[in-house]
There are 2 protein chains.
Amino acid sequence: MAFTYEFPRAALTVDCVIFGLDEACLKALLIKRGIDPFRGRWALPGGFVHVDETVDDAARRELREETGLQRVFLEQLYTFGDLNRDPRERVVTVAYFALVNLHDHRLKAASDAENAAWFDAADLPRLAFDHESIIQIALARLKGKVRYCPIGFELLPRKFTLSQLQRLYETILERPLDKRNFRKKVLQLDMLEELDEVETDVAHRAARLYRFNEAKYAKSTKQGFNFEI
Amino acid sequence: MAFTYEFPRAALTVDCVIFGLDEACLKALLIKRGIDPFRGRWALPGGFVHVDETVDDAARRELREETGLQRVFLEQLYTFGDLNRDPRERVVTVAYFALVNLHDHRLKAASDAENAAWFDAADLPRLAFDHESIIQIALARLKGKVRYCPIGFELLPRKFTLSQLQRLYETILERPLDKRNFRKKVLQLDMLEELDEVETDVAHRAARLYRFNEAKYAKSTKQGFNFEI
DNA sequence: TCAAAAGTGTTGAGCGTACACCCATGC
DNA sequence: GCATGGGTGTACGCTCAACACTTTTGA
């Protein structure tokens with residue numbers, strides 16, 4: 001079976017930049033390519049957009065097929081349409097970025113463990129195609145967006161301590177934050193729910209757990225409020 | 001001549017949302033469609049991406065061919081990849097948004113004047129395809145971005161008065177700004193060059209003209225400065 | 001001389017920032 | 001009892017917001 005068009009068409013793909021947060025560093029999930037071109041190089045998970053699925057669905061499908069990740073934060077990043085991105089033929093790719101919580105989402109068996117691995121986002125191996133620049137743009141987007149949107153929580157477990165949250169911002173923004181000011185700020189934003197629980201299994205005083213509360217956040221922002229760290 | 005592929009491929013297009021600023025309202029440039037589907041409806045200028053041009057180049061080319069506009073601010077907006085955007089077949093479009101200065105850039109003869117017109121962005125006619133939602137997203141992006149990036153100047157003549165600049169922000173942000181505070185703020189951002197000229201042909205005291213100075217802006221921002229209105 | 005818009009300072013409130021010590025817990 | 005991080009308050013400076021009158025010009 002073959003498909004014929006009057007004019008040549010670019011192939012359309014999706015690629016996903018997947019960020020996770022380790023104790024103290026930001027990680028990106030990469031796949032080792034099993035085929036040419038760039039066989040053996042690390043690359044972003046991704047693949048061709050089927051003609052009968054939306055581009056968003058293609059991104060979610062590739063994410064699931066190549067890494068086993070489902071129901072994670074996923075948002076369109078940018079479309080890369082230069083001419084020689086792929087040595088084989090003209091390929092335009094719509095890049096997405098995903099945020100996952102490394103604790104809840106262990107990589108599933110679906111992804112051949114040999115071929116998927118987390119890398120320190122600040123110390124990446126050589127990548128296939130233009131994936132290096134796609135990741136850089138995703139990093140810039142994350143840094144910018146985390147300051148005015150409550151997306152950082154996607155990188156943490158559902159229940160977290162304020163110290164974890166602070167480390168998250170310090171890691172992403174690459175600068176230290178003052179503990180007292182940070183706590184004052186996030187609590188006054190009135191979007192966290194204080195739980196009657198504390199963390200367990202720590203060798204020091206256990207910290208109180210909090211949970212992001214969508215409804216509270218919506219209410220605060222509706223009152224003309226601006227999330228801003 | 002025909003082009004054959006193993007799997008069916010979506011067609012790839014670009015569409016441009018073009019904003020201009022009239023005395024007191026934000027305008028969008030639309031094209032009246034001469035062919036089906038949606039013949040006779042207004043639509044965003046755009047067209048197919050050629051296989052031998054980048055997506056950015058395609059956007060610039062379509063802008064030039066359909067409206068005569070060249071050398072204007074143009075930036076990628078978002079990629080729309082839903083299934084039934086176009087009744088003929090699967091079409092994915094990369095949308096761009098452009099900012100033009102209505103005074104310097106009169107529509108050229110290149111664009112059949114009958115078929116291109118500026119509409120009040122707040123009062124658009126029925127549009128073809130999903131172009132209405134593309135414009136809404138472009139508006140949101142403009143509103144957001146104008147507050148932390150000096151892109152508003154693209155909508156004004158090269159030399160402008162502070163009142164024109166203030167009207168620009170008031171129009172885009174849809175709220176009144178205090179004159180003294182506004183002037184204090186933009187001058188202290190140290191990105192405007194005060195000229196030894198005043199506006200002409202006004203029936204009242206002539207206002208001083210200013211010009212956006214890229215170098216000053218770069219210098220100010222490098223000093224850890226943040227543009228923010 | 002009138003109309004229309006240009007241009008100009010001050011004050012109070014709230015927010016961001018800087019900063020240091022005691023507390024609870026597990027080992 | 002000691003090491004480790006959890007948790008808390010205050011003071012200062014700066015930025016933002018509110019606010020009204022005089023000046024210049026052309027008609």
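Numbered from 1 within each chain, the chains take letters A, B, ... in sequence-line order.
Two residues, A/Lys179 and A/Ala203, neighbour DNA chain C, and the one matched to the more 5' nucleotide by heavy-atom proximity is A/Lys179.
No engagement by A/Thr161 is indicated, since no non-hydrogen atom pair under 4.0 Å with the nucleic acid exists. Residue B/Arg183 is classed as a base contact, given a heavy-atom separation below 4.0 Å to a base.
With contacts defined as side-chain heavy-atom distances shorter than 4.5 Å, the pair B/Pro176/B/Gln166 does not qualify. In this structure the side chain of B/Ile134 reaches within 4.5 angstrom of the side chain of B/Leu77, judged on heavy atoms.
Rounded to an integer number of Å, the gap from CZ of B/Phe182 to P of C/dG7 is 13 Å. The separation between A/Gln188 atom CD and C/dG14 atom P is 12 Å, rounded to whole Å. Atom CG in B/Leu189 sits roughly 15 Å away from atom C1' in D/dC14 (whole-Å rounding). One atom, CG of A/Leu209, and another, P of D/dG7, lie 9 Å apart when rounded to the nearest Å. Per the geometry, CG belonging to B/Leu162 stands 9 Å off P belonging to C/dT8, to the nearest Å. For the pair A/Gln166 CD and D/dT8 C1', the computed distance is 14 Å after rounding to whole Å. In this structure, the CZ atom of B/Arg167 is 10 Å from the C1' atom of C/dA5, given to the nearest Å. At whole-Å resolution of the value, CG in B/Asp178 and P in C/dT10 are 16 Å apart.
Within the 3.5 Å criterion, the main-chain N or O of B/Ala43 finds no donor-acceptor partner in the side chain of B/His131. In this structure a side-chain-to-backbone donor-acceptor pair under 3.5 Å is missing from B/Glu132 to B/Leu127.
The nucleotide whose nearest atom lies closest to any side-chain atom of B/His204 is, among D/dT8, C/dT8, D/dT25, D/dT25. Distance from the side chain of B/Asn181 is smallest to D/dA17 among C/dC19, D/dA17, D/dG6. The side chain of B/Arg205 lies closest to D/dT25 when the candidates are D/dG7, C/dG9, D/dT25.
Between B/Glu194 and B/Arg208, at least one side-chain N (NZ, or NE/NH1/NH2) sits under 4.0 Å from a carboxylate O, which counts as a salt bridge.
Contact of A/Lys184 with C/dG16 (side chain to base): no donor-acceptor pair of N or O atoms is detected under 3.5 Å. Side-chain atoms of A/Arg180 come within donor-acceptor range of the base of C/dA20, with a qualifying N/O pair under 3.5 Å.
For the OP1/OP2 pair of D/dG6 and a distance below 4.0 Å, the side-chain nitrogens and oxygens of A/Ser163 include at least one atom meeting the criterion.
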